[in-house]
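Reading through the structure tokens given below for one structure.
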Amino acid sequence: MPTSTPLPLIDIPIPSFIPRISSQHATWLCTSAALVGALLILEQSVYRYKKKHLPGSTWTIPIIGKFADSMKPTMEGYMAQWNSGALSVVSVFNIFIVMASSNEYSRKILNSPSHAEPCLVNSAKSILMPDNWVFLNGKAHIEYRRTLNALFTRKALSIYISIQDTIARQHFRRWLADAAKDPSPKPIMKTARNLNMHTSVRVFCGNHIPEEGLIEVSEKYWDITRALQLVNFPLALPGTNVWKAIQARKAAFKWLEMAAAKAKIAMANGAEPECMLDEWVKVLRDPAYKGRNDFSDREMAMVVFSFLFASQDAMSSGLIYGFQHLADHPEILAKIREEQYRVRGNDVDKPMTLEMLENMPYLRAFVKESLRVKPPVTMVPYKATKPFPISDDYTVPANSIVIPSFYNSLHDPSVFPDHDTLTPERWLDPDSSANTNPKNYLVFGSGPHRCIGIEYATMNMGLVLATASVLMDWEHHLTPESDKVQIIATLFPKDGCLLKLTPRPKP
Ligand code: HEM
């Protein structure tokens, strides 16, 4: 019997300082080793079976897979993966991941709700709360989202734009005052993030949140960004990123719920809407409105929080690269300014309106192009809910993660000649390949989960950069890291974009 057969190991002379292993122990050790060995072989076999002919490592590192790479993602690493094939695979902690890099496959994933649905990073459910609308799918998601469309109508956007204008000017005054005290170039990572957070909180909640609430939400938000990394320690133990993010969400919720309650009171008292929550309550109270109208303060807070969650990092990334691109391309900045002075009639104090923005095609083309060259979101994880026949010769196994990536679509040389060059003009010619291939523009995704905040996001980027261009001059202090990308949920210049700001004389 194998259990009673003396094992060669036991016959080897053992140094006296090593405790002698009894035959029972040895059997136990051998069985365990055999079991571990069998599991490791099984792990490799399952990986190879799922991988089939797709590019990717032939073997996966036992247990952890590509965990080390995913802890410190780099653009170069992602690009190597995307360029290895239109579909390629990796495995992290035995989670089988199919990466799609071509326009065809990326769009197919985004537009196949019966086979794949968004799967935010593991930590998202504990941060956003499991009953947040962003986790809905199918019909329930479509219906919920329809009610939220009321928050992004032209009427709603015209309320938001005046708040955005006021806040951008306040921040630029502060930026210039700080630069006057210390004129050395400073990274705009933090200042641009603060501007965005301030804008979002006031657009979403108006003055229903006091200044101290705004400060608390802004300061704690970085904890949420950190917990959004693709890979994080999964348990929310005290001190971990996810735990800190949950504390930040609790603090934000306190203020957001209060704001929802105050908006309801203000609208019941006949006030005019001054922010998104007001506008939402007003729509719900309209006798002509036929949809659901029983939104609790908590549910409204969850929606507003989902918008903050979805927008803060992407908007900051877009804005920071907007400043960097303009500084590095003075000829483009000059054209933006020319358009600004013309549309504003040389009055740089004139607040921006939707009508003015509509008369600034060059600005809009620049925003679109800047987001194309450096898309804030390069990919969105989805999960295959059942076997997903994505191509003629490959079916994504059920429960795998399947990640459409946008970078190759946005840098496809056949659609965007000179794809790495920032050329706003490509959007001004209706017959350009950029305009005749709108399906390649995946900056905001595609399909049922396509970004709901597109109009608001592009309006905000345009307004901030345009207003900055007439109030300030900025010089980019180049470092060896300026053109390198760091990925903190979204893309940022590795050196944080160091700018030297000075006030710009009025025309
Ligand atoms: C430059 C800024 C932004 C970028 C690049 C961006 C990009 C994206 C992308 C790529 C998606 C996933 C789409 C998909 O799966 O097909 C998304 C979803 C979403 N975005 Fe944005 N976004 C931005 C700003 C905003 C803003 C300002 C808001 C809210 C005010 C917002 C709210 C959302 C929401 C709620 C979703 C999920 C929609 C759903 O599941 O139905 N985003 N965004």
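Because the structure is a prediction, the values reported are computed rather than measured. Whatever order the structure lists ligands and atoms in, that order sets their numbers, starting from 1.
Taking a 4.0 Å cut-off on heavy atoms, H141 registers as neighbouring ligand 1. Assignment of A314 to the shell around ligand 1 is supported, since a heavy atom sits closer than 4.0 Å.
Of the charged side-chain nitrogens involved, none lies within less than 4.0 Å of a carboxylate oxygen, so that R364 and E358 do not count as a salt-bridged pair.
For the residue pair Q164 / T199, no side-chain donor-acceptor distance below 3.5 Å is found, with atom types taken as modelled. Looking only at atom types and distance, the side chain of S218 has no donor-acceptor partner in the side chain of N194 under 3.5 Å away. Defined by atom type and a distance below 3.5 Å, a donor-acceptor pair is missing between the side-chain atoms of S432 and W427.
For ligand 1, the atoms sitting less than 4.0 Å from at least one non-hydrogen atom of Y382 are 14 (C), 15 (O), 16 (O), numbered in the order shown with element in parentheses. Counting the atoms of ligand 1 from 1 in the order shown, those under 4.0 Å from a heavy atom of R450 are 13 (C), 16 (O). Near A310, meaning under 4.0 Å from one of its heavy atoms, ligand 1 places the atoms 20 (N), 31 (C), 32 (C), 33 (C), 34 (C), 42 (N). In summary, the atoms of ligand 1 found under 4.0 Å from a heavy atom of F406, numbered by their order in the structure, are 10 (C).
Considering backbone and side-chain N/O atoms, W133 never comes within less than 3.5 Å of an N/O atom of ligand 1. Among the atoms of R145, some N or O lies under 3.5 angstrom from an N or O of ligand 1.
Among W255, F204, W133, F253, the one residue that satisfies the ring-ring contact (aromatic ring centres under 6.0 Å, His included) test with F305 is F253. Just one residue in the list E425, Q340, E339 forms a side chain to side chain donor-acceptor pair (under 3.5 Å) with Y362, and that residue is E425.
Expressed to the nearest 0.5 Å, how far CG of L491 lies from OG of S316 amounts to 12.5 Å.
Using cut-offs of 30° and 60° on the angle between ring planes, the pair H411 and Y407 is parallel. Ring orientation note: the planes of F152 and Y456 are tilted relative to one another, at an angle of 30° to 60°.
At the top of the distance list for atom 19 (C) of ligand 1, counting protein heavy atoms only, stands C451 CA, 3.7 Å. Nearest non-hydrogen protein atom to atom 6 (C) of ligand 1 is F444 CD2, 3.6 Å. In terms of protein heavy-atom proximity, atom 7 (C) of ligand 1 is nearest to V443 O, 3.7 Å. In terms of protein heavy-atom proximity, atom 27 (C) of ligand 1 is nearest to S311 CB, 3.3 Å.
When heavy-atom distances to ligand 1 are checked against a 4.0 Å cut-off, H449 comes that close through both its backbone and its side chain. With a 4.0 Å cut-off on non-hydrogen atoms, F309 does not touch ligand 1 at all. By the criterion of a heavy-atom distance under 4.0 Å, the side chain of Y456, and not its backbone, is placed next to ligand 1. Residue contacts with ligand 1 for S446 involve N, CA, C or O but no side-chain atom from C-beta outward (heavy atoms, distance under 4.0 Å).
Geometrically, R292 engages F295 in a cation-pi contact, judged by NZ or CZ lying under 6.0 Å from the ring centre and within 45° of the ring axis.
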